[in-house]
S.K.: 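Encoded as structure tokens, here's the structure I'll be asking about.
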There are 2 protein chains.
Amino acid sequence: MSDAADPAPMNARRKFRREGEERRRQDLIDATLDSVAEHGLQGATVRTIALRAGVTAGLIRHYFPGKEDLLHEAYAALMGRMTEQAKAALLMEDASPRQRLAAFVTANLNAPIIDQRVFSLWATFIGRAGADPTLARAHREGYLGFRNEVEAVVAEVLTAERRKPDAAELRRHAIAINAIIDGLWIEGCLAGEMFSPGELATIGIKAIEAELGLAPEKQFQEK
Amino acid sequence: MSDAADPAPMNARRKFRREGEERRRQDLIDATLDSVAEHGLQGATVRTIALRAGVTAGLIRHYFPGKEDLLHEAYAALMGRMTEQAKAALLMEDASPRQRLAAFVTANLNAPIIDQRVFSLWATFIGRAGADPTLARAHREGYLGFRNEVEAVVAEVLTAERRKPDAAELRRHAIAINAIIDGLWIEGCLAGEMFSPGELATIGIKAIEAELGLAPEKQFQEK
DNA sequence: GGCGTTGTTGTGCAAGTGTATAAATAGCCC
DNA sequence: GGGCTATTTATACACTTGCACAACAACGCC
């Protein structure tokens, strides 16, 4: 075990495979999110990202004009996945508005939306929104989209209860409910082990029903 | 206006004053927070911070073992100020528990606690809590302290209403109310101009009274 | 006033940063 | 199989980063 016939020359160039453009971009974006989640924006260097994606640093510039653009696309991808997952819970067919609202809250207050990694990413990026108009706009759109979803379900729920809320009242409810979900989401992400499974969802549903003045129903009170 | 007697030699050393240790440390911490708020953790370099503090970079190492330590102390200072301001609103003498709770919420949902700069700082640091145990611990302590304050006031309010909540119920109320305040705080910081002055506080108080099952009182319903 | 202490500056350095660019090679078409 | 082309690697470069260290000067003390 010493000299022998080493078939690879010492300065061998790295072997590589050509992946499709879409695949490479996705890999690089995922590697970026991983790097940011693990080491923050300062630790997300082109070399770290490339290493994670299994390529060399130079390739990044082949798919993105600059590091900034990669970061922005990564944030957009993150927001897209989050809102997509959140809204998916509203798509239940043949369910009462109230059940759909409860399902929406439950979905938002459990894995995979309650997740420390996602929270770290969200916080890291949103912390730059004050100085980066691009991030600020992306957030604003995501937030309003989310709140509008909430407002729509709330309108359905109240209508089903034969109440006729005006626009201002509806808006206030949506803001409050959105705050409840956001606040509990943060608590869950930052200190998940302090809550028993499903506890946050239960607390959230109760708080929201109180906010809307809904009388508790048997079917929503398990034990 | 050309040669003349220039009293200062070209390579003049910078004039400086010796400040007290406490003063310098404070200045450096403040400069750090400013830098982080403006350019994020990546933009908060020793040179940027020193420039802002009106000193040169080398001085930082005279007061802090390393940049990391300065950042940690800055975060601790930030958290200290935030919780201090928040709790101050609870110190009202001769006020009913319910009034004190309302004052607490109002204080937390207006300037200076609703502030984009503070939010940016909070988000930037908290985004690292998942990977940095020191930050995680600092947050945990601040959060629990805040929630305990909430729980104490809630207990007073319910007692004044002649209700006897058990510990579990109290805990759930505190979690929910904390979430409402946090969620509205975020909304206000990120999109303050979308809300009229005092609107968030009004929404928060109403939501919390609903959560606690308090009948609205005249004195809290202006117009 | 002179003197010593030490807070403060300035310079240097090795490691790491994003980006530019040339060289190489993987995979497709014929 | 032999080119062609675009993906990918590798190297280079100017610049920034945190930190070490020596020189300096502000201020208290006598």
Side-chain angles (χ1 to χ4, degrees), chain A residues 7-32 35-36 38-75 124 128 132 134, chain B residues 7-32 35-36 38-75 124 128 132 134:
Chain A
M10 274 203 36
N11 281 358
R13 214 163 221 261
R14 197 178 168 190
K15 297 296 182 195
F16 62 91
R17 277 185 39 206
R18 301 173 106 138
E19 302 283 355
E21 161 160 4
E22 214 42 51
R23 169 68 185 275
R24 272 278 188 259
R25 292 177 65 89
Q26 262 317 313
D27 285 350
L28 285 172
I29 286 176
D30 287 339
T32 303
S35 299
V36 173
E38 205 163 316
H39 307 108
L41 279 176
Q42 41 182 350
T45 70
V46 287
R47 286 168 179 84
T48 303
I49 294 170
L51 184 68
R52 253 203 155 82
V55 297
T56 52
L59 193 59
I60 287 181
R61 288 270 311 173
H62 190 262
Y63 287 105
F64 299 91
K67 188 195 168 191
E68 200 93 348
D69 304 81
L70 173 56
L71 283 172
H72 281 150
E73 289 208 28
Y75 179 62
T124 302
R128 302 301 319 127
D132 188 330
T134 305
Chain B
M10 273 201 41
N11 280 359
R13 217 162 218 260
R14 197 176 170 198
K15 297 297 182 194
F16 62 91
R17 278 185 39 206
R18 300 173 110 141
E19 301 283 355
E21 161 160 2
E22 214 41 52
R23 169 69 186 276
R24 273 278 189 259
R25 292 177 65 89
Q26 263 315 313
D27 284 350
L28 285 172
I29 286 176
D30 287 339
T32 302
S35 299
V36 172
E38 203 163 319
H39 306 107
L41 280 176
Q42 40 182 351
T45 70
V46 287
R47 286 169 178 83
T48 303
I49 294 170
L51 184 67
R52 253 205 155 80
V55 298
T56 52
L59 192 60
I60 289 182
R61 287 270 311 172
H62 190 259
Y63 287 105
F64 301 90
K67 187 195 168 191
E68 200 93 348
D69 305 81
L70 173 56
L71 283 171
H72 282 149
E73 289 209 29
Y75 179 61
T124 301
R128 303 301 319 127
D132 188 330
T134 305

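Throughout, protein chains are lettered first and strands after them, A, B, ... in sequence-line order, and every chain is numbered starting at 1.
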S.K.: Any side-chain N or O of B:T45 less than 4.0 Å from the OP1 or OP2 oxygen of D:dT17?
M.R.: yes

S.K.: For a quick test of reading the model: is some side-chain N or O of B:R14 closer than 4.0 Å to OP1 or OP2 of D:dC24?
M.R.: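 For B:R14, the contact criterion (side-chain N or O under 4.0 Å from OP1 or OP2 of D:dC24) is not met.
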
S.K.: Expressed in angstrom and rounded to an integer, what is the separation of B:L41 atom CG from D:dT17 atom P?
M.R.: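 Checked: the CG to P distance equals 14 Å.
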
S.K.: Which residue, A:A57 or B:R47, contacts DNA chain D at a nucleotide closer to its 5' end, judged by nearest heavy atom?
M.R.: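 Counting from the 5' end, the first nearest nucleotide belongs to A:A57.
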
S.K.: Nearest to the A:R17 side chain among D:dT7, C:dT9, C:dG27, which nucleotide is it?
M.R.: C:dG27

S.K.: Using atom CZ of B:R23 as one end and atom P of D:dC27 as the other, report the distance to the nearest whole Å.
M.R.: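 B:R23 atom CZ is separated from D:dC27 atom P by 13 Å.
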
S.K.: Write down the distance between CZ (B:F64) and P (C:dT8), rounded to a whole number of angstrom.
M.R.: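 Between P of C:dT8 and CZ of B:F64: 12 Å.
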
S.K.: Begin with the C-alpha distance, continue with both residues' side-chain angles, and end with the deciding distance and a verdict on side chain to side chain contact (heavy atoms under 4.5 Å, CB included) for B:H39 and B:T45.
M.R.: CA-CA 10 Å; B:H39 306 107; B:T45 70; over 6 Å; no

S.K.: Using a heavy-atom cut-off of under 4.0 Å over every strand shown, decide if A:E19 touches base, sugar-phosphate, or nothing.
M.R.: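 Since only primed, P, OP1 and OP2 atoms lie under 4.0 Å of A:E19, the category is sugar-phosphate.
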
S.K.: Between A:R24 (CZ) and C:dG27 (P), how many Å, whole number?
M.R.: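 Nearest whole value for this atom pair: 10 Å.
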
S.K.: Answer whether the closest heavy-atom distance between the side chains of B:Y63 and B:D27 falls below 4.5 Å.
M.R.: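 A side-chain contact under 4.5 Å is absent here.
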
S.K.: Give the intermediate values and the outcome of side chain to side chain contact (heavy atoms under 4.5 Å, CB included) for residues A:V55 and A:L28.
M.R.: CA-CA 9 Å; A:V55 297; A:L28 285 172; 4.1 Å; yes

S.K.: Whole Å only: how far is the CG atom of B:L51 from the C1' atom of D:dT16?
M.R.: 15 Å

S.K.: Would you say B:H62 places a side-chain N or O within less than 4.0 Å of OP1 or OP2 belonging to C:dG7?
M.R.: yes

S.K.: In whole Å, I'd like the distance from the NZ atom of A:K67 to the P atom of C:dT19.
M.R.: 8 Å

S.K.: Please tell me which of A:Q42 and B:G58 maps to the more 5' nucleotide of DNA chain C, matching each residue to the nucleotide holding its nearest heavy atom.
M.R.: B:G58

S.K.: Hey, does the side chain of A:Y63 come within less than 4.0 Å of D:dT8's phosphate (OP1/OP2), counting only N and O?
M.R.: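 Looking at the OP1 and OP2 atoms of D:dT8, one of them is under 4.0 Å from a side-chain N or O of A:Y63.
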
S.K.: Roughly how many Å is it from CD1 in A:I60 to P in D:dA10, rounded to a whole number?
M.R.: 15 Å

S.K.: Check whether any side-chain heavy atom of A:L70 sits under 4.5 Å from a side-chain heavy atom of A:V46, and report yes or no.
M.R.: no

S.K.: Among D:dC27, D:dT8, C:dT9, which is the nearest nucleotide to the side chain of A:R13?
M.R.: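 From the listed options, D:dT8 comes nearest.
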
S.K.: Within this structure, what is the CD-to-P distance between A:E22 and D:dT7, rounded to whole angstrom?
M.R.: 13 Å

S.K.: List the steps and the verdict of side chain to side chain contact (heavy atoms under 4.5 Å, CB included) for A:H62 and A:R24.
M.R.: CA-CA 10 Å; A:H62 190 262; A:R24 272 278 188 259; over 6 Å; no

